[in-house]
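Each remark here refers to the structure printed beneath this line.
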Amino acid sequence: MEDYETEIVELWPDNIQVHELFRRVGTRWRLPPMGGVPIGLQWEAIYPLMDRLGLEDEAWNDLHESLMSLESFALEVMREFAPRSE
């Protein structure tokens, strides 16, 4: 790991749960039929994971909203760094 530059990221306690969930769903991106940049998360695979957390309605909605924000930001970054076809 010495060859890689790492950046330590500190999370606020309020963001730990959504960060852990986002890391768990990293393989659940919906891809276009011919490949390319993901178009969003596969929410039908994520909702059961969220439900298993046993959250109250307000906490579940907060987690969902936070995860949607992370999804949106991740999509922006993936589009920004996607190879351009010319």
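Residue numbers start at 1 and run along the sequence shown.
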Practice task
Kindly work out whether a path of hydrophobic side-chain contacts (I/L/V/M/F/W/Y, heavy atoms less than 4.5 Å apart) joins Leu31 to Met78.
Solution key: no
Exercise for the section: Would you sort out whether Leu75 and Trp29 count as a side-chain contact (heavy atoms from CB on, under 4.5 Å), showing the intermediate values? Expected result: CA-CA 10 Å; Leu75 288 170; Trp29 286 98; 3.8 Å; yes
Problem - Met68 backbone acceptor or donor facing Ser72 side chain under 3.5 Å - result: no
Exercise for the section: Give a yes or no on this: more than 12 heavy atoms of other residues, nucleotides or ligands lie within 6.0 Å of atom CG of Asp57. Expected result: no
Problem - Atom of Pro38, atom of Pro32 and distance for their closest heavy-atom approach - result: CA-CD, 4.4 Å
Exercise for the section: Mind checking the NE2-CD spacing from His64 to Glu71? Nearest 0.5 Å is all I need. Expected result: 8.5 Å
Exercise for the section: Taking all non-hydrogen atoms of both residues into account, name the closest pair between Gln17 and Leu53 and its distance. Expected result: NE2-CD1, 3.8 Å
Exercise for the section: Decide whether Ile39 and Tyr47 are clustered together by the hydrophobic rule: side chain heavy atoms of Ile, Leu, Val, Met, Phe, Trp, Tyr closer than 4.5 Å, transitively. Expected result: no
Exercise for the section: Nearest 0.5 Å please: distance from the CZ atom of Arg28 over to the CZ atom of Phe22. Expected result: 12.5 Å
Completion exercise
When every non-hydrogen atom of Gln42 is compared with those of Arg30, the smallest separation belongs to CA-NH2, 3.7 Å
Handout entry: Glu58 atom CD, over 12 foreign heavy atoms within 6.0 Å
Key = no
Practice task
With the side chain counted from C-beta on, respond yes when Leu63 and Trp60 share a heavy-atom pair under 4.5 Å apart, and no when they do not.
Solution key: no
Handout entry: Heavy-atom closest pair, residues Leu67 and Val18
Key = N-CG2, 3.6 Å
Exercise for the section: Evaluate the side-chain contact (heavy atoms from CB on, under 4.5 Å) criterion for residues Glu76 and Phe81: first the C-alpha distance (whole Å), next the side-chain angles of each, then the deciding distance (0.1 Å), finally the verdict. Expected result: CA-CA 9 Å; Glu76 285 179 29; Phe81 288 97; over 6 Å; no
Exercise for the section: Would you name the heavy atoms of Glu80 and Arg84 that are closest together and state the gap between them? Expected result: O-NH2, 3.5 Å
Practice task
Mind checking the CG-CD1 spacing from Leu21 to Ile46? Nearest 0.5 Å is all I need.
Solution key: 7.0 Å
Practice task
Run the numbers on His19 and Val9 for side-chain contact (heavy atoms from CB on, under 4.5 Å), then give the verdict.
Solution key: CA-CA 11 Å; His19 177 264; Val9 176; over 6 Å; no
